[in-house]
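Data block below; observations after.
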Amino acid sequence: MTFGTPEMLAVLPELVVMGMALGLLVLDLYLRPDQRGITFALAVATLAVAAVLAAVLVPGEARTLLNGQFLHDRLGAVLKVFLLGGTALALIYGRRPLQRLAMYRGELFILMLLASAGMMLMASAGTLLMAYLGLELMSLSLYTMIAMDRDSIPATEGAVKYFLLGSLASGILLYGLSLVFGASGSLALDEIAAHAARAGVSDPLLVLGGVFVAIGLAFKLGAVPFHMWIPDVYHGSPSPVTVVLASTSKLAAFALLMRLLVGGLGPMAEQWQVIAGALAVLSLVVGNVVAIAQTAIKRMLAYSAIAHVGFLLIGLASAPTSGYMAPVLYMLLYTLMGAAAFGIVSMLDRDEAPARTIDDFAGLSRTHPWTAFLMLILMFALAGVPPTGGFMAKLYVFQAAVEADLVWLAVFGVLMAVIGAFYYLRVVKAMYFDPPERTLGPVGDRVAQGAVSVNALAVLGLGILPGPLVELSLFAVAGI
Amino acid sequence: METLYLLIPLASLVGALGAGTTVASVREIGHRWAIPGVAVSFLLSLVVLADVLAGHTFNGAVYTWGAIGGLELEVGLLIDRLTAVMMAVVTFVSLAVHVYTIGYMHGDPGYNRFFAYIAGFTFFMLMLVMANNFLVLFFGWEGVGLVSYLLIGFWYTRESAIAASLKAFLVNRLGDIGFVLGLGAIYATLGTLAYEPVFARAGELASSTIAVLPGMPWSVASFAAIALFVGAMAKSAQIPLHVWLPDSMEGPTPISALIHAATMVTAGVFMLARLSPLYEQSLAALSLVLVVGALTALALGLVALVQHDIKRVIAYSTISQLGYMVVAMGISAYAAGIFHLMTHAFFKALLFLAAGSAIHAVADEQDMRRMGGLARHMPVTHWTFLIGALALCGIWPFAGYYSKDTIIEAAALSAIPGAGFAYWATLIGVGITAVYTFRMYFLTFHGPERMDAETRAHLHESARVITWPLVVLAVPSLLAGFFLLEPVVFGGYFGSSLFVAEGRDVLGELAHHHGGWGQYLPLALALAGVGLAYYLYMVRRDLPARLAAASGPAYSALVAKLGFDRLFEGWLAGAGRGLGRALWRGGDEHLIDGLAVNGTAGRVAAAAARLRGIQSGYVYHYAFSMLIGVFALVSWFFLA
């Protein structure tokens, strides 16, 4: 193994995050409780610096480094920028809510950094081993973060459920990985891809392994029928952690999927395409339909997340024919939308009058016109109403499906989007047409308010000027 | 330069959004955003005009908004001589109206909202004229329509204002059907919506056919041109889609000046000129344009004779003058039409604003029978109104004389079917214009003061912020024709931005044949009209009533606005409502609502409730569902 400058430069963002996680672990011990802001600021700064580094160090062409463990390419760089940026946003949004939950502690920031490191490894994994390590690093950090709200029964319940089911899914994934390893005789993704191209469908071991891997990934993404944990966990988790769960951990799962299914088992696209299509239909139906029956805002958004996975899977099912730009674009935009929507919900979450149900948003436009306007943008974006970014994301996914001769899937997706509009508009109706019942106050500080405004307006702006993000997505998938 | 082009509409947009943020404020601060925004647009438009005169044009995409199949949805700008002149006119009038509004809307609770709307209107109008493809044109087209709707219903507590705004909206929807059909025909034939390729391949449009009714093939060029003209008819208030414009006077006066006289209603005319390469391909379309314009010019001028509401007189006059512009388009005298559009924008905005000033003075009374003698109390308003009136009638040397007479003379030379009718209609229209304009002038500013004592005691000239825009607009109303006619209409100013087919260049012909007794006829008629108005409304005040009584059915037909409102409200709307009711009761309530909408919604809700039940909360249920999933997928792969 060589540890030259180019290798070190390539993994510099990971090193920064890991190093700072360890550094903060020590530093935090020497800080008084009222100096916790230092840890907070350092954690945010670390994520920001690492995001900038990932953007600066983007390679011209893909390289595998460190004995093939680490894949340094454009897709990884783009995903990492969003992963780190999204997590930084989640931390910024979460400051006040965390203080109220008595979770504003050094451990949380360290866990956040470790989870980010796991996500980055998922995005850059060159071997099955690295991919699995990344996934576990992220998942274990998330379990712990959810459980940190120890006195809350829903949080504890969510953490336990997430842990148990996550372990089951990890087991399935690991089993699939070992089958793939057994079939191809290698842990390196490029060698697995070469074997799959040679043996392909005729190797039952590889097919079985592929199915199990796909199921493990479907769990992490939250596709039906592997979605059951999502509503309970999103609902039970402390809201600032839900932001991470809903936005960046999703993106990380998507990154892992890109690595394993596209990078490793790409030659078997015909097989997993079918799985993606079937799961897309199920996710769209269950996500959209059940969301209608929800009264709790976080549960509603959780089902909406399931529905969005359905749309993403439409893009994936068509991607082998029409390109990976559409799903990447969809996921990047969803990360932005999810972070902002859950961010606003988490900020409105206060002890005196927690924003638990949709009715709690009644009259928000009168008490907090700006926040209500931001939420309006986000609801429209999630529903896919032009000119928001959500519309563009859906448009490209449907277009991809049409190009891939999956017109029926596109039509189905559009129909489901219509059903989906109902529950998003219900929030808008509550905010703008219902009289205020309780006094809700955003508890986010100025910085959080500003950040969420920028985040939500970016969602709107990317619908009016979609060019940059489309270019970025094309740039990311250029090597595939 | 490209950034600068983009900055012009964006400055107005920023002004509108900025003013929008002040809507909730009780302080009158909307103009602090809107006026600088529009002023920047105006100044930059002048820069662009100078630049275009130096020979620089631009045609390119700013960015691609999206791509669907082969259709690139681009936001693109086309800056040429036609665009530059429209931009300058639009922003100039808009700026004058903005300043005027400070005074006029003072004290209105919707002050800030009003500024947000009119600055937004300026943005949409600029997008409309600066478009380089049909989609951006459509964007601007719908945008100005939306703002017009919002502004007609600005005083939304008045029932009549809401009815008027709805009427404007619905009539414009009718036009939009035509507009969209035209776009569709062009896209279906050529596969593109950008101006440049469409114009370059306009010949193809003429040679390909489309069967609108089965078995009746029709040239696509004719179909598209006529369909688009239906859109223009609604926007530019041509018979029979003009019915919304008189009612739109329910909006505040500055709006009547800016939107319903100077700019938005001329959008249809502008579109005809912009699409001249398309219209030149179809004699049928040109002929239709010509006849509709001539009918409008004549008939609505007649209706103006019997109106009592000062704003309605000007509104009917606007429709009539739009008819002149449309006639100019029909006889391929595009430059003359745009020139009339320009001078009309100045003097009609002036007339509206001056009328608004007078209305304000008599405690918001719009009925001319309760005005009179205002000249003594409001010298600036009076003199500027007189300049506007003279320009409207076409008295030498005011702007309207040059622009209107050019159209009439060009009509005399045109060989397009219907041109003969158009010549006589526009010629007689001149006399009528003079009568109604000076009837209005004398009734408002001269004769006995017919307002009540309370109002009379408070008569005074309006504030400077109101009179200054009047003076500013009076200058081009007076001078624009004298100085600009030769270079703009005959000097080939528009160059390649307007296209005239071989053998139809009536303006080129006119430039050589300028002369003969015919050219003095319109002026003579105008003077006669002014004289008649003086006789009827200053000397023999009893005559008009007796004339009305004597003319019987003719008079009542005019009072009934030639029955167009009856046609729309009684018959069409009635039939529509009848059909609607039948479909609603039979189709909607039972089939769609009962079965489809509520039925589906009910089923979805029931499914939601049932599916929700699966989410039991027990981990072993969840794990079980996962395992079922694993089992199903694996067996699918190995059994299939």
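Below, read A as the first sequence line, B as the second, and so on, with proteins coming before strands; counting in each chain starts at 1.
Heavy-atom distances place no part of A:P369 under 4.5 Å from chain B, backbone and side chain included. For A:V290, the parts lying under 4.5 angstrom from a heavy atom of chain B are both the backbone and the side chain. A:E403 does not touch chain B: none of its heavy atoms, backbone or side chain, sits under 4.5 Å away. In this structure, chain B has a heavy atom under 4.5 Å from the side chain of A:I215, while its backbone stays farther away. Looking at A:Y303, the atoms closer than 4.5 Å to chain B (heavy atoms on both sides) all sit in the side chain, from C-beta outward. Contacts of A:A169 with chain B are made by both backbone and side-chain atoms, with heavy-atom separations under 4.5 Å. Contact annotation for A:L164: only side-chain heavy atoms (C-beta onward) come within less than 4.5 Å of a heavy atom of chain B. Looking at A:I419, the atoms closer than 4.5 Å to chain B (heavy atoms on both sides) all sit in the side chain, from C-beta outward. Residue contact with chain B, scored on non-hydrogen atoms closer than 4.5 Å, involves the side chain of A:F391 exclusively. Using a 4.5 Å cut-off between heavy atoms, A:V274 contacts chain B through both its backbone and its side chain.
Pairing each heavy atom of A:P225 with each of B:S625, the nearest pair is O-OG, 3.0 Å. Residues B:W636 and A:A278 share a closest heavy-atom pair of CZ3-CB, 3.9 Å. For the pair A:F219 and B:M626, the tightest heavy-atom approach, listed with the atom from each and the gap, is CD1-CE, 3.6 Å. Across B:V630 and A:F212, no two heavy atoms sit closer than the pair CG1-CE2, 3.8 Å.
Residues that satisfy the salt bridge (charged side-chain N to carboxylate O under 4.0 Å, His left out) test with B:E196, not counting sequence neighbours, are absent from this structure. With sequence neighbours excluded, no residue forms a side chain to side chain donor-acceptor pair (under 3.5 Å) with A:R366.
Side-chain contact between B:Y622 and A:D232 is present, with heavy atoms from C-beta onward closer than 4.5 Å.
Residue with the most contacts toward chain B among A:E157, A:Q294, A:H227: A:Q294 (heavy-atom pairs, distance under 4.5 Å). No other option in A:L279, A:I172, A:I275 has as many heavy-atom pairs under 4.5 Å with chain B as A:I275.
Residue B:Y618 holds its OH atom at 9.5 Å from NZ of A:K161, rounded to the nearest 0.5 Å. Between atom CZ of residue A:F226 and atom CG of residue B:L633 there is a gap of 5.0 Å, rounded to the nearest 0.5 Å.
Residue-environment remark: CZ (B:F154) exceeds the threshold of 12 foreign heavy atoms within 6.0 Å. For OH of A:Y175, the number of neighbouring non-hydrogen atoms (other residues, nucleotides, ligands) closer than 6.0 Å is 12 at most.
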